[in-house]
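Here the structure comes first, spelled out in structure tokens, and everything after it is commentary.
Numbering of ligands and ligand atoms starts at 1, following listing order.
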Amino acid sequence: MRAPGEQLRAWARVNLGALERNLRAIRAAMPAHLRYIGVVKANAYGHGLAPVVTRLMRSEADAFAVANLDEASRLREVGEGWPILVLSALLPEEIPEACRLGVLPVLSSPEEVRAFAAEAARQGITLPVHLKIDTGMGRLGIWYSRFPEMLREMERAPALRLAGVCTHFSSADSDPAFTRLQRERFLGCLRPLPVPMTSLLLHADNSAGVESFPDGGPFNAVRIGLLQFGVRPRPGGLLQPRDIEPVLSFHSRIGLVKELPAGTPISYGQTYRLRKDSRIAVLTAGYADGLPTSLSNRGEVLVRGRRCAVIGRVTMDQTIIDVSALSPSPETGETATFIGWEGTERLTVSDFARASGQVEWEVFCSLSARTKRVYHTDTAV
Ligand SMILES: Cc1ncc(COP(=O)(O)O)c(C=O)c1O
């Protein structure tokens with residue numbers, strides 16, 4: 001369904017009311033003292049940084065996490081004074097700007113500690129930092145058995161203040177035993193901390209992690225991305241399906257409808273051939289809008305609340321679907337929905353991801369700049 005003014009070819013509707021309710025539902029399911037770090041990297045998972053962050057700031061977020069300094073400075077423009085974690089490793093030439101911006105870098109090695117300490121001293125500031133421990137993700141963080149080396153380096157770095165310690169789970173959505181092991185390794189690292197744990201932010205849980213959040217223990221913050229956008233990576237656990245609402249829907253239009261005879265090949269490479277005389281519709285969105293070519297001959301689209309198959313290869317600006325089953329025929333200009341509700345039918349981002357061979361995070365991040373984001377609060381999607 002299009003709201004007045006949505007005369008568009010490809011667009012994503014983002015329900016900021018649902019975003020806010022998701023945040024509140026997550027908070028309500030967790031211990032009250034927990035700090036909520038909203039993960040808003042990659043343009044808030046494709047939902048649009050400024051509108052998402054503005055809403056989360058007005059809701060119950062405590063801090064934000066981004067991937068790089070560009071995202072951090074755009075976030076600063078939206079609201080001053082919020083703690084911003086930069087989750088990715090920073091490059092040597094970015095360290096002066098990180099110190100100037102006053103972001104919270106997440107450090108993974110004694111070398112990084114030394115480099116940040118030298119720059120903070122040069123700028124005459126005390127920079128709060130978080131230290132990251134690799135408990136089994138095999139990506140950022142110092143390997144857990146070597147964590148004491150980081151602490152020794154911090155003792156030699158008076159221009160840095162230890163503000164938090166964190167780790168990241170690799171399989172919280174699929175392997176509870178490994179997640180438990182990661183938690184134990186992390187907790188083991190905290191014993192020799194030079195400051196009281198209560199003075200630090202201690203965080204490990206992403207969206208899937210919160211579903212197994214332990215009672216008690218020193219964890220006092222979570223880093224939530226996907227779940228706030230209405231997708232549960234690990235069904236079961238703390239939150240019920242009804243607690244979390246989808247935030248984004250994705251639509252395009254029918255640009256052309258036509259009849260073609262049986263045997264006609266469809267789109268580049270002739271990967272599909274009509275089995276019978278058919279009616280096809282050409283949609284006004286393609287891979288330049290965020291529909292990956294892996295949806296070719298696999299995806300589904302809702303038109304008038306009915307599922308229609310993507311046929312042939314998805315092309316840059318157009319995608320072809322079979323609308324033979326729709327009667328009367330749909331017309332040029334009608335809406336086609338890739339993600340969202342139409343009447344009583346719904347295609348979820350997980351349906352889309354299964355068909356395209358992506359993960360849900362990737363589907364959101366692949367929505368291109370050409371796909372306009374349309375913001376609303378609780379009008380029909
Ligand atoms: C270090 C870190 N923490 C938290 C998150 C949030 O994860 P999710 O979107 O599954 O909540 C991410 C996302 O990629 C991440 O890289």
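Within the listing of ligand 1, atoms 6 (C), 8 (P), 9 (O), 11 (O) sit less than 4.0 angstrom from a heavy atom of Gly225. Less than 4.0 angstrom separates some heavy atom of Arg139 from each of these atoms of ligand 1: 16 (O). The atoms of ligand 1 that sit less than 4.0 Å from any heavy atom of Leu226 are 8 (P), 9 (O), 11 (O). Within the listing of ligand 1, atoms 1 (C) sit less than 4.0 angstrom from a heavy atom of Lys132.
With Glu300 as the partner, the salt bridge (Lys or Arg N to Asp or Glu O under 4.0 Å) test is satisfied by one option alone out of Arg354, Arg306, Arg307, Arg346: Arg307.
More than 12 heavy atoms of other residues, nucleotides or ligands sit less than 6.0 Å from atom CZ of Arg27.
The closest heavy-atom contact to atom 8 (P) of ligand 1, among the options Gly141, Ser207, Ala208, comes from Ser207. Closest heavy-atom approach to atom 2 (C) of ligand 1 among the candidates Met137, His168, Lys41: His168.
Using a 4.5 Å cut-off between side-chain heavy atoms of Ile, Leu, Val, Met, Phe, Trp and Tyr, with links allowed through other members, Leu34 and Val39 fall into the same hydrophobic cluster.
The shortest contact between atom 3 (N) of ligand 1 and any protein heavy atom is with Arg223 NE, 2.8 Å. Among protein heavy atoms, the minimum distance from atom 7 (O) of ligand 1 is reached at Asn206 CB, 3.5 Å. The single protein non-hydrogen atom nearest to atom 10 (O) of ligand 1 is Trp361 NE1, 3.3 Å, given as residue, atom name and distance. Atom 6 (C) of ligand 1 has Tyr45 OH, 3.4 Å as its closest protein atom, hydrogens excluded (heavy atom only).
Applying the side-chain contact (heavy atoms from CB on, under 4.5 Å) rule to Ala18 yields the partners Asn15, Arg21, Glu245, Val247; only residues at least two apart in sequence or on another chain are considered.
Atom OG of Ser170 sits about 10.0 Å away from atom CZ of Arg139, to the nearest 0.5 Å.
Close to ligand 1: Leu87, with a non-hydrogen atom less than 4.0 angstrom away.
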Could you walk me through whether Asn297 and Thr271 pass the side chain to side chain donor-acceptor pair (under 3.5 Å) check? CA-CA 8 Å; Asn297 296 311; Thr271 61; 3.0 Å; yes
Between Arg152 and Glu149, does the salt bridge (charged side-chain N to carboxylate O under 4.0 Å, His left out) criterion hold? Intermediate values first, please. CA-CA 5 Å; Arg152 280 197 293 277; Glu149 292 173 37; 5.2 Å; no
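The side-chain tip of Arg183 points at the ring of Phe219 from less than 6.0 angstrom away and within 45° of straight on.
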